[in-house]
2 protein chains.
Amino acid sequence: MVSNAVSQEFARKVAGQDVTVAEWSFMRALYDLEPVPPSVLAEKMGMTKGAISKLAERLLAKGLVVRTENKDDKRAHSLSLTNEGRDKIPVLAALADENDAEFFDTLTREEHETLNRILKILAERRGLDATPVD
Amino acid sequence: MVSNAVSQEFARKVAGQDVTVAEWSFMRALYDLEPVPPSVLAEKMGMTKGAISKLAERLLAKGLVVRTENKDDKRAHSLSLTNEGRDKIPVLAALADENDAEFFDTLTREEHETLNRILKILAERRGLDATPVD
DNA sequence: TATAATAAGTTTCCTAGTCAATGATATTCT
DNA sequence: AGAATATCATTGACTAGGAAACTTATTATA
């Protein structure tokens, strides 16, 4: 319930910037990894290649992302942020922080830290590292 | 990440019983509330009426749910579990418990209780009560 | 070196939601 | 009583992702 509520509220916030959560997640990954092939993003985001292909297409159409050919391998290409895309990162990151604060700042500092610690334990034991998309 | 992983693994488990998470959620709500009109279910599950309408249709087709006319109001009807549907509840509930155990039994008793406590605080402060569906 | 196996991405088909429009009653207001 | 309005549910158009087939390119093998 909590996770869904946090996510849904975040979706509402980023919608104001004409971006979906999946798109944010994609752009955020690009910010760290660009230039990066779709296959790696699929891995990082826990989505299928097909989904990434379509997501990339949408972001391309919005002018937030560009493809660059790989000259060693004609099948492959890499994805990067456009300047416009990169400029959106801090705006969206601020919304993410705001969203987290809205939910988790009602906790005491100790509760907050404990929650983080426990969730990290759980993620680690399961070997989780895919950025959630919904 | 944790929430998504728990949910995805649960989806995998119930798929073995030819049921989706949304269907389980629906049936579980019915178990508590039957007979219940779709509108109430939509509220409880945090889904739109449209989604409930289609979900109900699928469960009807599977023979797990039945509709009963409301004779006072011809627009309305109620939904209930069939015997077959009711029989599935304990099976699916066991899978849910098993799934929770799989993820959360690696925590110490204290960590487990703390996690519950904190999540309950968060849910309460937000007034959350919709059963998650994904 | 021709052919088979594999790999990177895309596309198609399917499922499952939302949203908005609609249909069919019910209710309210005059 | 009849018109306007509200309510319950379904439907259709649309969106997003998964699975698997497909296309093209690369690598391995006989």
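A, B, ... follow the sequence lines: proteins, then strands. Residue 1 opens every chain.
Between the base of D:dG12 and the side chain of B:Lys54 there is a donor-acceptor pair shorter than 3.5 Å. At a cut-off of 3.5 angstrom, the base of C:dA7 holds at least one donor-acceptor pair with the side chain of A:Arg75.
Comparing D:dT10, C:dT25, D:dA19 against the side chain of B:Asp73 picks out C:dT25 as the nearest. Residue B:His77 has its side chain nearest to D:dA9 when only D:dG18, D:dA9, C:dG9 are considered. For A:Leu55, the side-chain atoms get nearest to D:dG17 when compared with the rest of C:dT10, D:dG17, C:dG17.
If you check every strand for non-hydrogen atoms under 4.0 Å, A:Lys49 touches a base. Using a 4.0 Å heavy-atom distance criterion, A:Asp72 is classed as a sugar-phosphate-only contact.
Side-chain N/O atoms of A:Arg58 include one lying less than 4.0 angstrom from OP1 or OP2 on D:dA16. Listed pair B:Ser39 / D:dA9 meets the phosphate criterion, a side-chain N or O lying under 4.0 Å from OP1 or OP2. Taking only side-chain nitrogens and oxygens, A:Thr48 never comes nearer than 4.0 Å to OP1 or OP2 of D:dG17. Side-chain N/O atoms of A:Arg67 include one lying less than 4.0 angstrom from OP1 or OP2 on C:dT10.
A 6.0 Å sphere centred on CD of A:Glu43 holds no more than 12 heavy atoms belonging to other residues, nucleotides or ligands. For A:Glu124, the CD atom sits in a loose shell: 12 or fewer heavy atoms of surrounding residues, nucleotides or ligands are nearer than 6.0 Å.
Atom pair A:Leu59:CG and D:dA16:C1' shows a separation of 13 Å (rounding to whole Å applied). Rounded to a whole Å, the CD1 atom of A:Ile52 is 17 Å from the C1' atom of C:dA7. Between the NZ atom of B:Lys71 and the P atom of C:dA26 there is a distance of 13 Å, given to the nearest Å. When rounded to the nearest whole Å, the span between CZ of A:Phe26 and C1' of D:dG17 equals 14 Å. What separates CD of B:Glu23 from P of C:dG17 is a distance of 8 Å, to the nearest Å. In this structure, A:Leu79 atom CG and C:dA8 atom P are separated by 14 Å, rounded to whole Å. Between A:Glu69 atom CD and C:dG9 atom C1' there is a gap of 12 Å when expressed in whole angstrom units. Atom pair B:Glu57:CD and C:dT15:P shows a separation of 14 Å (rounding to whole Å applied).
Cation-pi contact between B:Arg86 and B:Tyr31: absent, since separation from the ring centre below 6.0 Å together with deviation from the ring axis within 45° is not met.
Looking at heavy atoms from C-beta onward, A:Phe103 lies in side-chain contact with A:Asn99 at the 4.5 angstrom threshold. Between B:Leu30 and B:Val65 the shortest side-chain heavy-atom distance falls below 4.5 Å.
Residues B:Lys74 and B:Ala22 both approach DNA chain C. Their nearest nucleotides, taken by heavy-atom distance, put B:Ala22 toward the 5′ side. With the nearest nucleotide of DNA chain D identified for both B:Ala56 and A:Gly46, B:Ala56 has the one nearer the 5' end.
To the nearest 0.5 Å, the span separating CG on B:Leu122 from CE on A:Met1 amounts to 10.0 Å.
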